[in-house]
Amino acid sequence: MERGHTLFLTRLVLLILVTVTTCECQIHGSRANQAETLMEFRRSRKYQTRVSMVSEDMLTESGLGEMKTDDSGRKMDDDYIHEGLPGQPLSTLSIFKQYAGYINVDRVNGRSLFYYFVEALDDPSSKPLVLWLNGGPGCSSLGVGAMLEIGPFGVNPDGKTLYTRRYSWNKVANILFLESPAGVGFSYSNTTSDYDLSGDKRTAMDSYAFLVNWFRRFPHFKNSDFLIMGESYAGFYIPELAGVVIKKNMEGQSSSIINIKGIMIGNGIMNEDTDDKGFNDYLWSHALISDEIYTKLTQNCSNAVNSEYCKNLEEELGEEIGDIDLYNIYGPTCPRLPHGLTVRKKRHSGLDPCEGNYVEAYLNLPNVQKAFHANVTKLSYPWATCSKLIVKWKDSPKTMFPIYKRLIALGLRILLYSGDVDAVVPVCGTRYSIDAMNLKVIKPWRFWTDATKQVAGYKVVYDGLTFATVRGAGHEVPRFQPRQAFALVKMFLANRD
Ligand SMILES: *[C@@H]1O[C@H](CO)[C@@H](O)[C@H](O)[C@H]1NC(C)=O
Ligand SMILES: *[C@@H]1O[C@H](CO)[C@@H](O)[C@H](O)[C@H]1NC(C)=O
């Protein structure tokens, strides 16, 4: 199911049926992966009474709520994964440390967030600390970020054993994967009504509470350079969280100061109008839709409108495009077979499009959950790549521009990168967004190269942020072009450009 895009139409119809009665964003519950979730979310946001946009700029908001203290009494050593993960290649045992567990972020309701932490391969104390966030909203940084993209291991087709990822980012940093918000993956709330109150603002506040308490459990990383990275809907989470961290740093006691240095976001959403324009233009310019549909989309549906006409148009659009992987448009799709059957796809440039299924199988094994110290309250539902519990979303701003402007003014290091074969949050949308921010160009458009000296993409340095493309990469850049993505993160961490 992980790669199914024929469901595009059915889901759209379902989505419309369930959304008419509410004024909040509905995310339909059956989506399987990060990109589908984002598509549905954007559609739902567009076709209904707008969500309350309270978090337009969290930096200027007062009353972000008081800091919550984790009261679980757990120590770092309690979270240490002593024996390694089940199925982990023996050669990798004990060459770097792994931890996993929970940080409570709300005692009253019983909300607790799950993390997986991988120390850097060599000399962790000298390496930066990276928080990695996936999007959705509602998708797992453990299942997507760690297992499919940048973590030390991927899952083999047997769903039980792991392989070593060649370009794991723990070669250059300590990586902290957070399943956020509560309801995603192993993160939970003991008050189930919490799930319907999910939204950008609470996600940022819970993530901040998580961080402060995580640093209390891992105090020796407190002075490490701290960076937040991620992709997709995390294009909202990341600037929002960075904003909260900086605001809290400015007003807080020195004991809770977080040494934030930068943010790096891949194929992230930024601003509704430019993202939508980018989506339409990308589909047309990559020969995925007809002139007729394109004309109708741009002439009649360019602004958020509440019309049957535009919804029908999206159905037609889905029919025109057919069953391709919209977030890696030239890539293979995972065939859907009767339950329990899998085919070993021929590897397409090293990529197995069904790997998400193996990850889902792996993370539902009882011995794997035990090793991760996960599922401690015996969740009554299986681990899923994207949450089936979070079906409403309370607040999501229209734009990140005000937060970006402020982060830039504060001197935070920012890299926006874009895999150029993703149609969901396509490179042209990101370019329209950056253009709309009117930043001065410092170093104009130029190619950049990876370790093999081949052109890996293109780069522009603006006054305030750097934009880079990654050639031939889909929505999840490190998954589709791992070598180039690795070069990019190295470059960013070394603070070159
Ligand atoms: C949630 O409830 C379980 C079972 O009562 C308890 O063990 C756990 O500590 C609670 N979690 C939080 C964060 O309060
Ligand atoms: C679409 O836009 C064109 C040009 O603005 C207009 O002539 C046409 O009536 C519109 N069609 C619909 C269905 O709104």
Side-chain angles (χ1 to χ4, degrees), residues 29 64-82 98-117 131-134 136-143 145-146 176-219 221 237 240-241 244-245 248 255-256 258 363-394:
L64 286 170
E66 68 178 292
M67 239 321 292
K68 308 281 187 6
T69 303
D70 173 77
D71 53 356
S72 66
R74 282 181 77 85
K75 301 263 184 319
M76 187 178 93
D77 285 341
D78 300 325
D79 291 353
Y80 182 50
I81 301 176
H82 285 276
Q98 309 178 79
Y99 298 84
Y102 286 93
I103 301 271
N104 295 343
V105 295
D106 184 302
R107 185 201 318 221
V108 179
N109 286 4
R111 276 202 308 285
S112 196
L113 298 185
F114 179 81
Y115 76 90
Y116 168 49
F117 176 54
L131 173 71
W132 176 271
L133 297 173
N134 281 95
C139 300
S140 163
S141 310
L142 171 66
L176 177 55
F177 299 94
L178 171 65
E179 292 198 299
S180 155
V184 175
F186 295 123
S187 295
Y188 67 88
S189 174
N190 280 339
T191 309
T192 47
S193 58
D194 263 357
Y195 300 137
D196 283 349
L197 300 173
S198 306
D200 278 36
K201 192 173 171 186
R202 208 196 58 198
T203 299
M205 287 319 299
D206 279 0
S207 302
Y208 177 72
F210 166 85
L211 282 176
V212 171
N213 287 293
W214 188 88
F215 280 112
R216 287 180 186 150
R217 202 174 291 178
F218 291 78
F221 284 102
Y237 292 157
E240 287 168 344
L241 178 57
V244 172
V245 166
K248 292 285 187 180
S255 67
S256 58
I258 295 174
L363 290 175
N364 279 302
L365 296 175
N367 62 331
V368 169
Q369 298 188 350
K370 190 159 176 268
F372 271 115
H373 313 121
N375 201 359
V376 288
T377 57
K378 301 289 163 254
L379 307 172
S380 52
Y381 45 87
W383 183 94
T385 307
C386 293
S387 173
K388 294 174 174 53
L389 304 172
I390 298 173
V391 292
K392 285 186 182 169
W393 199 257
K394 253 174 82 72

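Remember, predicted model here, so these are calculated numbers, not experimental data. For ligands, and for the atoms within them, numbers begin at 1 and follow the listed sequence.
- Once rounded to the nearest 0.5 Å, the distance linking CZ of Phe215 with CD1 of Ile103 reads 11.0 Å.
- Judged by distance alone, the side chain of Ser187 and the main-chain N or O of Phe114 form a donor-acceptor pair under 3.5 Å.
- Of the N or O atoms in Asn104, none lie within a sub-3.5 Å distance of an N or O in ligand 1.
- From the protein, the heavy atom lying nearest to atom 10 (C) of ligand 1 is Asn190 ND2, 2.4 Å.
- In terms of N/O distances under 3.5 Å, ligand 1 is not approached by Arg107.
- Protein heavy atom nearest atom 9 (O) of ligand 1, with residue, atom name and distance: Tyr188 OH, 4.4 Å.
- Scanning the protein for heavy atoms near atom 7 (O) of ligand 1, the closest one is Thr377 CG2, 4.4 Å.
- For Asp79, the side chain to side chain contact (heavy atoms under 4.5 Å, CB included) criterion is met by Arg74, Tyr99, Tyr115, Arg217, not counting sequence neighbours.
- In this structure, OG on Ser112 lies 11.5 Å from CD on Glu179, to the nearest 0.5 angstrom.
- Inside a 4.0 Å radius of atom 4 (C) of ligand 1 there is not any protein heavy atom.
- Side-chain rings of Phe186 and Tyr102 stay apart, their centers remaining 6.0 Å or farther from each other.
- Of the protein's non-hydrogen atoms, Gly110 CA, 3.5 Å is the one closest to atom 14 (O) of ligand 1.
- The backbone N or O of Thr191 lies less than 3.5 Å from a partner atom in the side chain of Ser189, making a donor-acceptor pair.
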